[in-house]
Structure formats: structure tokens, C-alpha cells
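Accompanying notes for the structure given below.
The shown structure was predicted, so the numbers you read here are calculated from the model rather than taken from an experiment. Residue numbers run from 1 in the order of the sequence given.
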Amino acid sequence: QYQQRRANDVARGNAGRLLITEGVTDCIAATQAGLTCFSPVTTSFSNADVQKLLAITSAAERVVICNDNDVLPDGRSPGLEGAIKTAKVFSDAGRSAYVAVLPREEKVTKVDICSFLKDNKGPALKQVLDKAKDALSFALDKFDVKGGNTPTQDDIDKILSMIAPR
């Protein structure tokens with residue numbers, strides 16, 4: 001029910017910038033910090049969910065996705081990977097979405113909006129969101145070739161799938 005109220009606010013056009021979070025508690029924390037926000041509570045969307053997501057966000061001037069910044073022992077970052085997948089939903093529909101990344105110290109394995117706001121105030125979160133990049137730029141920045149990082153074929157395929165029409 002909480003999510004539906006947030007979605008209704010957005011659908012009525014009460015959002016210049018709409019923040020999409022990974023979890024409900026992150027959504028509540030962001031809302032308490034003064035942001036218009038909702039959480040689909042997933043990073044994998046069915047076709048029906050995609051249509052709902054696109055409808056809910058249609059009145060927003062700017063959609064920013066800010067999932068958990070987490071890293072697993074195998075090196076994967078499921079929150080950031082989910083943010084890219086969510087941004088692709090918008091790209092496939094001919095719309096833009098931006099990905100924001102919460103700062104995370106190297107020894108910390110996970111930062112979400114709740115934990116970020118425990119140590120920071122709402123304006124700090126707004127600064128993070130202001131730095132959000134479109135999904136393609138975000139994905140390309142992940143591969144700092146000049147710094148010695150070389151994308152794998154899987155990484156290249158993911159980037160190409162983001163820009164290639166469905």
C-alpha cells in the first residue's frame with residue numbers, strides 16, 4: 001500500500017526527479033529525506049511489471065535508479081547490475097533513465113540508501129543523485145581501459161545489448 005501511494009504521487013506528475021530504489025526500506029528513507037521515490041522491490045521485471053513501471057514513471061522529468069552498491073566475494077555487484085537492467089527497461093521503451101552510485105569504501109561490502117543516510121544527510125544523497133549518469137555512460141565508465149581494466153566479452157555483450165534495439 002505504501003508503494004502504491006508513492007506510485008500514485010508520481011503518476012500525478014508530482015515528480016521532477018523520481019528516484020527508484022532497490023528496496024522498500026531504502027524508499028522510505030529516501031522519502032523521509034525529501035525525495036520523490038518508489039521501489040518496485042525487484043530488479044527482474046515481468047512484461048506486466050515493465051508496463052507498470054513505465055506507466056508509473058511516465059510523468060517524471062528524470063528517472064534516477066540508485067540500487068545498493070554491493071560487491072560479492074566473486075566480484076559481482078548485483079545492485080549495480082540490477083540498476084543497469086532496470087535502465088535497459090527504459091532504454092528499450094525509448095526513454096532515458098540514469099544510474100546513481102552510492103560511495104562505498106573498499107573494505108565495505110555493501111552500501112544502500114538506508115546505511116548512507118545513517119552517516120549523511122539528505123543533501124548528500126541529492127548530490128549523489130545529481131551525479132547520476134545515463135546507463136550507457138555508466139556502463140562504459142565501469143571499464144577504465146586507460147587504468148588497465150579490460151572488459152570481458154560478457155561485459156561488451158551487456159553494453160551492446162543496452163544500445164542495440166530489441
Side-chain angles (χ1 to χ4, degrees), residues 1-70 76-102 104 110-117 122 125-143 151 154-166:
Q1 190 173 29
Y2 175 81
Q3 291 300 305
Q4 191 58 49
R5 282 199 319 266
R6 302 297 327 140
N8 289 341
D9 285 347
V10 173
R12 285 194 298 267
N14 294 338
R17 171 172 54 201
L18 169 64
L19 173 62
I20 297 177
T21 64
E22 189 170 344
V24 174
T25 56
D26 295 320
C27 179
I28 292 168
T31 300
Q32 289 174 339
L35 298 165
T36 302
C37 176
F38 88 102
S39 173
V41 197
T42 187
T43 58
S44 297
F45 299 97
S46 68
N47 285 338
D49 290 338
V50 165
Q51 295 312 310
K52 284 182 192 176
L53 179 65
L54 293 172
I56 287 169
T57 60
S58 64
E61 293 172 20
R62 182 176 171 98
V63 174
V64 178
I65 304 155
C66 187
N67 284 0
D68 299 351
N69 183 355
D70 48 1
R76 290 182 310 114
S77 299
L80 299 179
E81 292 167 9
I84 291 173
K85 285 183 196 175
T86 302
K88 185 170 177 359
V89 167
F90 288 90
S91 176
D92 288 347
R95 294 183 41 208
S96 297
Y98 299 83
V99 177
V101 180
L102 295 164
R104 179 181 52 81
K110 178 182 174 181
V111 175
D112 60 16
I113 289 177
C114 284
S115 61
F116 181 81
L117 287 172
L125 179 56
K126 290 176 184 174
Q127 288 177 349
V128 169
L129 302 179
D130 288 344
K131 294 178 185 176
K133 296 183 177 185
D134 67 85
L136 179 58
S137 295
F138 171 77
L140 290 172
D141 283 353
K142 187 176 173 186
F143 311 110
D154 185 50
D155 295 328
I156 293 168
D157 290 344
K158 284 180 187 175
I159 292 170
L160 290 175
S161 73
M162 290 178 63
I163 59 175
R166 238 185 191 188

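In plain terms, the two heavy atoms of Ile113 and Leu102 that are nearest each other are N-CD1, 3.5 Å. Closest of all the heavy-atom pairs between Leu19 and Cys66 is CD1-CB, 3.6 Å. For the pair Pro40 and Ile20, the tightest heavy-atom approach, listed with the atom from each and the gap, is CD-CG2, 3.5 Å.
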Report the C-alpha distance between Ser39 and Asp26 in whole Å, list the side-chain angles of each, state the deciding distance to 0.1 Å, and finish with yes or no for side chain to side chain contact (heavy atoms under 4.5 Å, CB included). CA-CA 8 Å; Ser39 173; Asp26 295 320; over 6 Å; no
With side chain to side chain contact (heavy atoms under 4.5 Å, CB included) as the criterion, how do Phe116 and Val128 come out once you've worked through the C-alpha distance, each side chain's angles and the decisive distance to 0.1 Å? CA-CA 11 Å; Phe116 181 81; Val128 169; 3.9 Å; yes
Please report the C-alpha distance between Arg17 and Val64 in whole Å, then the side-chain angles of each, then the deciding distance to 0.1 Å, and finally whether the side chain to side chain contact (heavy atoms under 4.5 Å, CB included) criterion is met. CA-CA 7 Å; Arg17 171 172 54 201; Val64 178; 3.7 Å; yes
Assess whether side chain to side chain contact (heavy atoms under 4.5 Å, CB included) is satisfied between Ile65 and Phe138, documenting all intermediate values. CA-CA 12 Å; Ile65 304 155; Phe138 171 77; over 6 Å; no
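Considering CG of Asn67 and OG of Ser77, their distance stands at 11.5 Å, rounded to 0.5 Å. From Asp130, atom CG reaches atom CZ of Arg62 across 7.5 Å, with rounding to the nearest 0.5 Å. For the atom pair CD1 (Ile28) and SG (Cys37), the distance works out to 9.5 Å, reported to the nearest 0.5 Å. Atoms CG and CG, from Asp49 and Leu54 in turn, are 11.0 Å apart once rounded to the nearest 0.5 Å. Between Ile84 atom CD1 and Ser91 atom OG the span is 12.0 Å, to the nearest 0.5 Å. Atoms CZ and CG, on Arg104 and Leu80 in that order, are 8.0 Å from each other to the nearest 0.5 Å.
In terms of modelled atom types and a separation under 3.5 Å, the side chain of Arg95 and the main chain of Val63 share no donor-acceptor contact. Remark: the backbone N or O of Leu53 is paired with a side-chain donor or acceptor of Thr57 at under 3.5 angstrom.
Residues forming a side chain to side chain contact (heavy atoms under 4.5 Å, CB included) with Asp70 (at least two apart in sequence, or on another chain): Asp68, Pro78, Lys110. For Asp134, the side chain to side chain contact (heavy atoms under 4.5 Å, CB included) test picks out Tyr98, Leu136, Ser137, with sequence neighbours left out.
Between Lys88 and Asp92 there is a salt bridge, with a side-chain nitrogen of the basic residue lying less than 4.0 Å from a carboxylate oxygen of the acidic one.
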